[in-house]
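Take a look at the structure below.
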Amino acid sequence: MEYQFREIEQKWQRVWREKKTYQVNEDPAKKKYYALDMFPYPSGAGLHVGHPLGYIASDIIARYKRHQGYNVLHPMGYDSFGLPAEQYAIQTGQHPEITTNTNINRYREQLDKIGFAYDWDREVRTSSPEYYRWTQWIFGLIYDSWFNLDTGKAEKISSLVEKFETNGNYNVNAAIDDQWFTELDLSKFPFFSKDFSGAFSATDWKSMTEEQQQLLLMHYRLAYLADSWVNWCPALGTVLANDEVKDGRSERGGHPVEQKKMRQWSMRITAYAQRLLDGLDTIDWPENIKEVQRNWIGRSEGASVRFRVDGHDADIEVFTTRPDTIFGVSFMTLAPEHELVPLITTDEYRDGVEKYMASARLKTERDRQSDAKNITGQFTGAHVIHPFTGEKIPVWIGEYVLAGYGTGAVMAVPAGDQRDWDFARKFGLSIPQIFADTDISEKAESSKDARLCNSQMLDGLSYQEAMPKIISEIEKLGIGTGKINYRMRDAVFSRQRYWGEPFPVYYKNEIPYLCDDDDLPVVLPEVDKYLPTEDGEPPLARAKDWFYEFETQHYRMEYNTMPGWAGSSWYFLRYMDPHNEKVFADRNKVDYWNQVDLYMGGAEHATGHLLYSRFWTKVLFDHGYIGFDEPFKKMINQGMILGRSNTTYRYCNGFAAKDQPINWEQTNILLTKEISERFFQLGHAPTPEEFDQILAQQLGESKAKDIRKGIMGVDKRYVDISLVDNDELDIKAFKSSLFGNEDDIFILNENNKYICGYEVEKMSKSKFNVQTPDELVEKFGADTLRLYEMFLGPVEQSKPWDTKGINGVHNFLRKFWRLAHDRDNHFAVQDIEPTPAELRVLHTAIKKVTEDLNRYSWNTVVSTMMICVNELTELKSSNKKILSDLVVLLSPYAPHFAEELWEKLGHTSSVVDALWPAFDEKHLVVDSFDYPVSFNGKTRFNIELGISLSQDEVTQAVLNHELTAKYLEGKQPKKVIVVPKRIVNVVV
RNA sequence: GCCCGGGUGGCGGAACUGGUAGACGCACAGGACUUAAAAUCCUGCGGUCAGUAAUGACUGUACGGGUUCGAUUCCCGUCCCGGGUACCA
C-alpha cells in the first residue's frame with residue numbers, strides 16, 4: 001500500500017474542523033467571491049453520486065478563487081420544510097422535525113466525507129425559528145408594500161395611504177387587478193354606488209372605517225388575500241402554485257389537480273413582470289433557463305379593444321396582438337366561463353349554451369388540453385357591433401379561449417389566426433380576406449409579411465406600419481388602447497399544510513392583520529395530527545391555545561402555512577449574516593458579499609425558485625435593504641448523472657394458444673448476452689429450429705438439444721450492479737443473492753464468462769444501479785471521487801456513470817504520489833533548481849489549468865493534470881519546486897491529497913492559503929516549430945523550422961524539401977499559405 | 001406544433017478565435033515480470049485496401065449541398081436523439 005487515502009483524508013478533515021480552515025469573515029482589504037450551491041431538500045434517501053456533482057464543481061471554483069487571493073463565501077444549508085417529511089408524519093405520527101433532523105444528519109455525514117470547503121458556522125435551515133422569523137418578517141414587508149407604476153417599484157403602504165388622504169386614488173398608478181372593484185364586497189361600502197368603477201376621493205377615504213380601509217388596501221398589497229382560482233390538489237390536501245403543476249398533475253406525487261375558487265394569500269409577482277424580463281439581460285445564466293423564464297412571463301404587445309354588444313349596455317373587451325387585422329374580424333369567441341355569457345345569450349340559444357357550459361365545466365384542465373384538436377363551440381345568439389364597419393358580428397363561446405388569459409375573449413380573425421380559421425371552417429363562419437396576394441383557402445396567413453387589404457385606412461400597409469396607425473385610431477374612438485399583456489399569473493402563497501412557515505398574521509373581524517415585529521417568530525405550534533380538521537381547516541387549526549394577544553384581546557391566527565419557496569427565496573442573503581437577531585442580514589455585510597458570483601444547481605427550478613428569488617430580491621432592493629436587484633450573477637446548471645444498470649437473461653419455456661397471451665415459465669437457465677442478443681435480433685419468439693441453430697453455434701449440437709423445451713423466450717431482468725464487474729456477472733455471488741438460485745445453470749460465452757446486458761438510465765433503487773458516494777469514498781477515497789466526477793465530462797451535460805473508469809483517476813493520484821516517493825514509499829524529492837524541461841511541463845499545465853478553470857471547464861483540467869504527471873514521470877522528475885506548484889494546482893480537486901504532500905514538502909500552513917502558481921510564458925518559448933505541411937489541405941509530412949523565419953523563408957524551405965516534388969506531381973504550386981506556428985498549405 | 005440543447009472510435013469525452021481529428025481515461029488485444037493471481041510496466045487500438053515489414057494510399061466528426069487554400073468548427077437544407085413548452089389570442 002503506497003497512497004493511504006483513508007488515513008490522509010480522515011487526518012485532514014479533522015485538522016480542517018479543528019482549525020476552522022474554511023471559516024470566513026468580511027475583509028474589506030480583500031476582493032470577495034460568493035460560490036453557492038442550490039439549497040438541498042434533505043430527503044430520506046440520502047445522496048447518490050449524481051447529487052454532489054454540482055457541489056464538487058462549485059467547491060473547486062471556491063478553492064481556486066481562494067488560491068487567487070479572494071475572500072470566498074461558500075456556505076451550505078437545508079431547505080428543510082417540505083412535503084415528504086410531512087407525508088411521513090401523517091403516516092407515522094412522528095413529528096416532521098424529527099425526520100428532518102435525521103435526514104439532515106445523514107446528509108451532513110455524507111457531505112463531510114467528500115471534503116467540501118463549506119463554512120459550516122453559517123449553516124441555515126429554513127425550518128428553524130431563528131431563520132423563519134426573517135422569512136415571516138419579509139412576508140410582512142411584502143404585505144406592507146404596493147407597486148407604484150409611476151416609480152416602477154415597490155413602496156410602503158404608508159405612501160399609498162398618504163396619497164389616498166390627499167387625493168383619493170385619482171392619481172394613483174398602482175399594479176392592481178383591472179377589475180379589482182368587482183371583487184369588492186359593496187355591501188360593506190354603502191356610500192359607493194352600484195356601478196362603482198374603482199375611483200374614490202380623499203373624502204371617501206377619510207370617511208371610511210378602519211375595516212373598510214383595510215379591505216380596500218388589500219387590493220393594492222403585494223402580498224394579498226383574495227378569492228382566486230387556484231390549483232387544488234385533493235390528494236395532497238393543498239393548493240399548488242402554477243409552477244408546481246405539470247400536465248394537470250402535481251409535480252410532487254403526480255396527483256390530479258383541479259381548479260377551485262378559494263380565499264388564498266397571493267404574491268403580486270405580475271407587478272414585476274417587466275423587470276423580471278429586463279433583468280435577464282443583465283445576468284449570465286444558461287440561455288435555455290432565460291428562455292423558459294421569458295416564456296413563462298409571456299410578454300405580448302398589442303391592444304385591448306372593446307366591442308359594444310348589440311342591444312345591451314355592455315362591452316366585450318378583448319386583448320389582441322394583431323389589432324391591425326381588426327377588419328378581418330368575423331366573429332367573437334368568449335371563454336365558456338366569461339361573465340357576460342349568461343347576460344347576452346338569447347332565449348333561442350340558451351339551452352345550447354347552458355349545455356355547452358355544463359360540459360365544459362365537467363372537463364378538467366387536463367382533459368381540455370389533451371382534447372385540443374377536437375374543436376367545440378356554441379353560438380350565443382348575441383352580436384357585437386364592429387367599431388369601424390358597423391357590421392353585426394356573431395358572438396360564440398368556445399373552449400379554445402382560456403378564461404385565465406387576457407380578458408377571456410378574443411376577436412376572431414380567421415384570415416390571420418389558425419385557431420380562428422379552424423373554428424370558422426368547422427362552424428361555417430365567413431373568412432374575410434384582408435391580406436393582399438395571399439391564399440387563405442387552405443389555412444390562415446399567420447405570418448406578418450403580407451400587406452393589408454379590405455381594411456379602410458390600413459389598406460396597403462405592412463404589419464409594422466399598420467400597428468401604430470390602428471392603435472391611434474382605436475384610441476381616437478375611445479374604444480381601447482395599446483396594451484402589453486403578460487401570461488404570468490400572481491403566485492398563490494398559502495398552503496393547507498403543517499410543515500411550513502406559519503404566517504405572521506392574525507384575524508380581527510375576519511380582517512387579516514400583521515403581527516408585531518417584536519412578536520416574531522410566530523412559532524409553529526404543536527398539533528395532535530398532521531391532517532386537516534373535520535371542517536376542512538388546515539392542520540394548524542388543531543393547535544390548542546394558539547392565538548395572538550393584542551391589547552389584552554385574543555385573536556385567531558392564520559391557519560395556512562407558507563409554500564416551500566418562501567424560505568428558499570432569500571436564503572443566499574442569510575448566509576451573509578446567519579446569526580443576526582436584529583435584521584435578516586446586516587446591510588454592510590450584504591454590501592460586501594453582494595451578488596452570488598457562481599450559482600450551481602439544477603435547471604428544474606427555472607419557473608419556481610429561480611423566479612421567486614429574483615422577485616423577492618427586487619422587493620428588498622426597492623425598499624433599500626440590499627444594494628442589488630438580481631441575486632445570482634452567474635449560474636451553471638449541472639447535468640444529471642445517469643446510472644448504468646445491468647441485466648441478466650433468463651431462459652423461459654412457454655406455450656401460446658392461438659390468440660392467447662403467452663404463458664412463460666422461468667427456468668433455471670441463464671444465457672449470456674451474446675446468445676440472448678441473437679434471439680432478440682430475430683424479432684420474434686424463436687422456433688425450435690432457430691433455437692437449436694443459435695445454441696448449437698455457441699455450444700455445439702448435443703448440448704443445445706438438452707436445453708430446449710417447448711417454445712422459448714428470454715426474460716431480461718435487472719441485477720444489482722454490485723454483482724457485476726465490467727458487465728461480467730459474479731456467478732457465485734449471484735447464486736447466493738436474491739437475484740439467483742443455487743441451482744441456476746449458466747450458458748457462458750467463448751471465454752467462459754457470463755456477460756450481462758446494460759442500460760443507461762436514471763439511478764433508482766428499482767433498477768439496482770445506484771452508486772452512493774459513501775461506497776466510492778470507502779473504496780477509492782474522496783479525492784478520487786471528486787476528480788472522477790469532474791473527469792466524466794462537462795458538468796452541464798447528462799452522462800452515464802461508468803463504474804469502471806474511476807480506476808483511471810485513482811491511478812493518476814497514485815502516480816502523482818510516486819513522483820514524491822521512492823520505491824519503499826519514503827518521501828523523496830530533490831531540492832534543486834528545476835530543469836527547463838520540467839519547467840516547460842509545469843508551466844504548460846499552469847496555463848491550461850488556469851484558463852480552463854476560468855471558463856468553467858472542469859473536466860479538461862483533470863486531463864491536463866494527468867498529462868503533466870505522465871510527462872514528469874517520463875522525465876523521472878521529483879523536483880521539490882515543481883511539485884510544490886503542482887500540488888497547489890491539484891488542491892482544488894484533491895484537497896486532502898494536496899494537504900498531505902504540501903505538508904511533506906515542508907510547508908507549515910494549509911495548502912488552501914497557498915498562492916496560485918504564476919504562469920510565465922518564458923518557460924514555453926521554443927525556437928523551432930514542427931510545421932505540418934499539407935497539399936490542397938491534405939497533410940503529407942512535417943518539417944521542423946525556426947520560428948523566427950519569415951513567411952517567404954518558410955515557403956522556400958517547404959518548396960526545397962525533398963518530399964515536396966513528389967506531392968507537386970510536376971505541377972507548379974499556385975499559392976503557399978503559411979500560418980506562423982500553425983500550418984503550411986501548398987495549393988496546387 | 002413551437003423554443004432551446006446535442007449527434008465525433010467499442011464507451012466517457014478532447015480539439016478554446018476555421019489550421020496535424022480522436023488528447024486524457026475506460027474497455028479490449030498482445031507482451032514483460034510472477035509458481036499463479038492481483039498489482040505494475042511496455043506495445044497496439046476509427047475504417048477499408050496494399051505490403052513479410054517499416055510503411056503507404058484512400059476514407060472518416062449524423063446525412064446532402066455551399067463558402068474557404070483549408071470545415072468537427074461558418075452558412076443552407078434534411079434526418080435522428082435529449083430537454084422544455086403548448087389552444088396565451
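The pair A:Asp178-A:Lys483 meets the salt-bridge criterion, with a side-chain N (NZ, NE, NH1 or NH2) lying under 4.0 Å from an Asp/Glu carboxylate O. For A:Asp802 and A:Lys804, the salt-bridge test fails: no basic side-chain N is under 4.0 Å from an acidic carboxylate O. Using a 4.0 Å cut-off between charged side-chain N and carboxylate O, A:Glu291 and A:Arg294 make a salt bridge. We find that A:Glu851 and A:Arg855 are not joined by a salt bridge, their nearest charged nitrogen and carboxylate oxygen being 4.0 Å or further apart.
At B:C28, one or more side-chain N or O atoms of A:Asn726 fall inside 4.0 Å of OP1 or OP2 (strictly under the cut-off). Within the 4.0 Å cut-off from OP1 or OP2 of B:G13, at least one side-chain nitrogen or oxygen of A:Gln797 is found. Checking the phosphate oxygens (OP1, OP2) of B:A39, no side-chain nitrogen or oxygen of A:Tyr3 falls inside 4.0 Å. Contact between the side-chain N/O atoms of A:Arg814 and the OP1/OP2 oxygens of B:C41 is not found at any separation under 4.0 Å.
Annotation: B:C33 and B:C26 have their C1' atoms spaced 24 Å apart (nearest Å). Going from the C1' atom of B:U20 to that of B:U61 covers 15 Å, rounded to whole Å. Taking atom C1' in both B:C69 and B:G56, the straight-line distance is 25 Å, to the nearest Å. Distance check on atom C1': B:G60 versus B:G47 gives 7 Å, rounded to whole Å. Taking the P atom of each, B:G10 and B:C63 are spaced 14 Å apart, rounded to whole Å. The same atom, C1', is picked in B:G25 and in B:G13; the two are 9 Å apart, to the nearest Å. Only the C1' atoms considered, B:A86 is 10 Å distant from B:C3, to the nearest whole Å. Spacing of P atoms, B:G44 relative to B:G5, comes out at 41 Å, to the nearest Å.
At a threshold of 4.0 angstrom between heavy atoms, the contacts of A:Tyr967 are confined to the sugar-phosphate backbone, with no base atom among them. Across all strands shown, A:Pro286 has no heavy atoms under 4.0 Å from either base or sugar-phosphate atoms. Among the heavy atoms of the strands lying under 4.0 Å from A:Val987 are primed sugar atoms or P, OP1, OP2 only; no base atom is included. Using a 4.0 Å heavy-atom cutoff across all strands shown, A:Asp727 reaches no nucleic acid atom at all. At a threshold of 4.0 angstrom between heavy atoms, the contacts of A:Glu287 with the nucleic acid are absent. A:Arg940 comes within 4.0 angstrom of the backbone, heavy atoms only, and of no base. Contacts of A:Lys974 with the nucleic acid, taken as non-hydrogen atoms under 4.0 Å apart, are absent.
For the pair A:Lys938 and A:Asn295, nearest-nucleotide mapping onto RNA chain B gives the more 5' position to A:Asn295.
Each of A:Leu53, A:Val795, A:Asp852 was evaluated against A:Trp858; a single residue qualifies, A:Val795, per the side chain to side chain contact (heavy atoms under 4.5 Å, CB included) test.
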- Item | Per-nucleotide pairing state of RNA chain B [Watson-Crick or G-U, under 3.5 Å; [ ] pseudoknot-crossing; | other strand] | (((((((..(((......[....))).(((((.......))))).(((((....)))))..(((((..]....))))))))))))....
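Distance NZ (A:Lys673) to P (B:G10): 14 Å, rounded to an integer number of Å. For the pair A:Met640 CE and B:G12 P, the computed distance is 16 Å after rounding to whole Å. One can place CD1 of A:Ile326 at 17 Å from P of B:A89, the figure rounded to the nearest angstrom. Nucleotide B:A27 holds its P atom 13 Å from the CD atom of A:Glu728, rounded to whole Å. Between A:Glu301 atom CD and B:A89 atom P the separation is 12 Å, expressed in whole Å. Between A:Arg823 atom CZ and B:C33 atom C1' there is a gap of 13 Å when expressed in whole angstrom units. As a whole-Å value, the separation of A:Asn288 CG from B:G84 P is 11 Å. The nearest whole Å value for the distance from the NZ atom in A:Lys753 to the C1' atom in B:A27 is 11 Å.
Applying the 90° criterion around 0 to the glycosidic angle, B:G9 comes out syn.
Side-chain contact check for A:Asn870 and A:Glu874: no donor-acceptor pair (N or O, by modelled atom type) lies under 3.5 Å. Side chain to side chain, A:Asp727 and A:Asn646 meet the donor-acceptor criterion of an N or O pair below 3.5 Å.
Taking the six-membered ring where tryptophan is involved, the planes of A:Phe791 and A:Tyr788 are tilted, since the angle between them lies from 30° to 60°. Ring planes of A:Phe941 and A:Phe935: tilted class, angle from 30 to 60°.
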- Note on the structure: Scoring nucleotides 15-25 of chain B by protein non-hydrogen atoms under 4.0 Å (B base, S sugar-phosphate only, - none) yields SB--BB--BBS
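A centroid separation of less than 6.0 Å is found between the aromatic rings of A:Phe816 and A:Phe897. Ring-centre distance between A:Phe780 and A:Phe5: not below the 6.0 Å cut-off.
A cation-pi geometry, defined here as NZ or CZ lying under 6.0 Å from the six-membered ring centre and within 45° of its normal, holds between A:Arg644 and A:Tyr758.
The side chain of A:Asn859 lies closest to B:G13, out of B:C4, B:G13, B:A89. Considering only the side chain of A:Arg487, B:C88 comes nearest among B:A89, B:G12, B:C88.
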